[in-house]
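Quick notes on the structure that follows.
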There are 2 protein chains.
Amino acid sequence: MSNIREIAKKAGIGIATVSRYLNDTGYVSEESRKKIQKVVEELNYTPNALARAMFTKNSKIIGLMVPNISNPFFNQMASIIEEYAKNMGYTIFLCNTDDDKEKEKNYLEVLQSHRVAGIIASRSQCKEEYTNIDIPVVAFENHILDNIITISSDNYNGGKMAFDHLYKKGCRKILHIKGPKSFEATELRYEGFLDAAKAKNIEIDFIEFQSDFQVEMLEADINSMDNISDYDGIFVFNDIAAATVMRFLKKRGVEIPQEVQIIGFDNSFIGELLYPSLTTINQPIEELGNTIIELLIKLINGENVSIEDYIMETKLIERETTISANLKYEPSI
Amino acid sequence: MSNIREIAKKAGIGIATVSRYLNDTGYVSEESRKKIQKVVEELNYTPNALARAMFTKNSKIIGLMVPNISNPFFNQMASIIEEYAKNMGYTIFLCNTDDDKEKEKNYLEVLQSHRVAGIIASRSQCKEEYTNIDIPVVAFENHILDNIITISSDNYNGGKMAFDHLYKKGCRKILHIKGPKSFEATELRYEGFLDAAKAKNIEIDFIEFQSDFQVEMLEADINSMDNISDYDGIFVFNDIAAATVMRFLKKRGVEIPQEVQIIGFDNSFIGELLYPSLTTINQPIEELGNTIIELLIKLINGENVSIEDYIMETKLIERETTISANLKYEPSI
DNA sequence: TTGAAAGCGCTAACAT
DNA sequence: ATGTTAGCGCTTTCAA
């Protein structure tokens with residue numbers, strides 16, 4: 001692969017001039033421009049971003065750690081962040097942590113060694129590991145350290161809304177399927193749900209799942225719940241888990257929403273595909289993604305960013321797994 | 001961020017020794033090892049992968065282009081490739097092309113400029129753009145150039161199996177919802193399906209969708225199909241589109257599989273979540289992913305790899321959207 | 001306007 | 001067993 005020196009030589013021109021041309025920095029005569037352009041095309045020359053990054057100390061790469069790219073929520077988020085980043089001239093370095101501390105640590109090292117411009121850590125399982133990182137970092141959902149910005153949805157309030165909705169729809173015998181303890185977001189949903197229930201003097205039963213998204217495992221967990229049809233309302237910690245729960249209920253011949261009403265969390269695309277379609281709590285994923293990457297780019301550019309929690313509003317999306325206003329279920333076409 | 005020279009100085013030792021220590025290449029005395037290790041830890045030093053890559057001409061990064069990371073099939077594939085790559089010391093640079101030629105071209109340039117070690121191009125929309133790339137490339141699904149290896153499932157045969165299955169289950173009035181023309185894979189599914197139908201003298205109707213995975217659009221397309229309930233069997237080009245079709249049918253009160261049987265393609269996780277669960281054609285995604293990355297790494301290592309099409313077997317996964325053996329229709333084969 | 005030269009952090013050949 | 005040095009491809013003073 002050719003380099004700048006080769007271009008300069010073939011164009012019969014100095015190396016610095018070529019660099020100026022390539023980066024559009026400083027004067028280059030029309031004559032030189034033409035000569036250079038010609039050679040660049042002939043040799044199919046692409047500047048070496050590595051060398052450039054080494055000098056400028058700006059790699060134009062952003063490391064994005066997600067717990068699991070197969071979770072529809074996180075891959076929608078990745079798409080949004082990627083799109084925005086691309087428009088700002090950054091490319092995304094994607095890392096799948098599987099909610100595994102060791103994997104995350106490992107990736108952190110890789111990202112550091114590649115001198116990425118910034119890091120987005122979603123649902124991080126680490127803390128002190130980030131102490132000596134001198135690359136801008138923003139966190140999504142799980143907090144990392146006091147000096148690292150955390151962005152999240154208002155999960156607590158989302159949990160509250162979920163309860164209030166089920167309650168309003170007449171549910172009194174309610175189950176909550178909660179996420180793993182290490183997920184701050186699902187813990188908050190749980191707390192919000194619980195507090196809202198207490199306010200109405202309703203007792204809530206619980207099952208805790210040990211992972212985010214592993215169909216087989218969820219089915220195993222839930223199969224142990226023999227008395228599941230005792231409930232008239234279930235709040236599941238996210239949409240993908242809700243899909244599994246729905247499938248399980250339908251297999252048992254339980255009618256949704258007539259016998260059991262369901263509410264999920266995320267508003268990921270899967271909720272619309274299910275039948276009946278899933279009532280859920282919306283996380284403003286565009287806003288979330290944009291805020292994350294905006295804040296990170298500000299940090300990268302050395303702009304002043306206030307170190308605080310950035311919390312985006314959640315809202316209820318009413319679909320078919322909860323009973324519609326007239327209490328009579330009807331397909332909507 | 002500190003560099004090797006600084007480490008060497010603080011350890012009171014030569015720069016080359018530090019490099020040898022870091023890369024475990026050549027002799028380093030026990031004494032020196034200790035000194036270096038101490039300083040490395042003190043300064044939280046991580047070698048600069050950029051500088052290293054610049055010298056060794058081996059970036060240890062693999063560029064993975066996918067049409068859409070939100071399609072469950074492609075993100076399962078991305079996970080598999082990433083896992084394998086990681087075990088081989090490579091990291092994945094993820095690029096979302098959205099099946100857009102310009103985006104792909106653009107990413108190709110980015111990957112080139114970062115001197116990635118290899119490129120995986122899924123469902124590429126480009127051809128000549130790859131002519132002058134001197135980085136190893138493997139293609140998934142769509143062919144690019146004669147000298148580029150293509151890996152894919154046996155889509156043609158998969159299409160055939162889909163027809164044969166519907167036919168065996170008694171379907172005679174059959175619709176095929178086919179993918180965009182620019183997807184080689186779905187074209188082959190279509191051809192296989194058609195050929196199998198011809199062999200049985202069955203006429204097939206068609207609808208063509210213009211994109212892979214855009215819920216709204218599919219719904220719009222399908223809404224125009226008023227007579228959809230005339231059919232007793234539908235083959236949809238992939239699972240995610242099949243999910244949309246099922247949702248539409250159920251909204252209309254059409255019973256699946258009693259009135260219409262459905263078969264998808266991919267065997268992505270979504271098929272198991274649907275109710276009834278989706279009969280589909282399995283793409284051996286592990287094998288596909290592993291083959292892709294294995295071949296690419298061989299190319300990177302300069303091993304001899306035969307330039308040909310690598311085609312993996314598909315197979316039928318029978319679930320609930322087609323009628324189980326002992327039900328209803330008498331197969332008339 | 002332009003080019004020569006220094007230097008980004010690293011590796012490897014070579015000399016010690 | 002270790003240190004000196006050249007050079008990977010680039011950008012950017014600085015002098016012409």
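Residue numbers start from 1 in every chain, and the chains themselves are labelled A, B, ... in the order their sequence lines are given, proteins ahead of strands.
- Contact footprint of chain A on DNA chain C: nucleotides with an atom under 4.0 Å from a non-hydrogen protein atom, first to last in 5' to 3' order, C/dT1 to C/dG9.
- Between A/Asn58 atom CG and D/dT11 atom P there is a gap of 13 Å when expressed in whole angstrom units.
- Counting to the nearest Å, the P atom of D/dG7 and the CE atom of A/Met54 are 15 Å from each other.
- The NE2-C1' distance, from B/His114 to D/dG9, rounds to 14 Å in whole Å.
- Residues B/Glu6 and B/Tyr45 are not in side-chain contact: their nearest non-hydrogen atoms beyond the backbone lie 4.5 Å or more apart.
- Rounded to a whole Å, the NZ atom of B/Lys34 is 16 Å from the C1' atom of D/dA1.
- Within the 4.0 Å cut-off from OP1 or OP2 of D/dG9, not a single side-chain nitrogen or oxygen of A/Arg5 is found.
- Near DNA chain D, meaning a heavy atom under 4.0 Å away, the residues from residues 7-28 of chain A are A/Ala16, A/Ser19, A/Asn23.
- Between the CG atom of A/Leu50 and the P atom of D/dT11 there is a distance of 12 Å, rounded to whole Å.
- A donor-acceptor contact shorter than 3.5 Å links the side chain of A/Ser122 to the backbone of A/Met65.
- Using a 4.5 Å cut-off on side-chain heavy atoms (C-beta onward), B/Ser32 and B/Tyr21 make no contact.
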Quiz item: Hey, mind stepping through B/Gln76 and B/Ser268 against side chain to side chain donor-acceptor pair (under 3.5 Å) and telling me if it holds?
Solution: CA-CA 8 Å; B/Gln76 280 176 266; B/Ser268 68; 4.6 Å; no
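- Looking only at atom types and distance, the side chain of A/Glu287 has no donor-acceptor partner in the side chain of A/Tyr310 under 3.5 Å away.
- Place B/Ser29 and B/Phe55 on DNA chain D by their nearest nucleotides, and B/Ser29 ends up nearer the 5' end.
- In this structure, B/Phe93 and A/Phe93 have parallel ring planes: the angle between them is below the 30° cut-off, well short of the 60° mark.
- For A/Asn48, no side-chain nitrogen or oxygen approaches OP1 or OP2 of D/dG9 to under 4.0 Å.
- A/Thr46 and B/Glu109 share no side-chain donor-acceptor pair at under 3.5 Å.
- Aromatic ring orientation, B/Phe73 versus B/Phe140: parallel (interplanar angle below 30°, classes split at 30° and 60°).
- For the pair B/Gly289 and B/Ile80, the tightest heavy-atom approach, listed with the atom from each and the gap, is CA-CG2, 4.1 Å.
- Annotation: the terminal axes of the helix from C/dT1-D/dA16 to C/dT16-D/dA1 meet at 40°, where each axis is the rotation carrying the C1' atoms of four end pairs onto the next four (5 pairs per end, rounded to 10°).
- With a 4.5 Å cut-off on side-chain heavy atoms, A/Ile36 and A/Ile7 count as touching.
- A salt bridge links A/Lys38 with A/Glu42: the closest approach of a Lys/Arg side-chain nitrogen to an acidic carboxylate oxygen falls below 4.0 angstrom.
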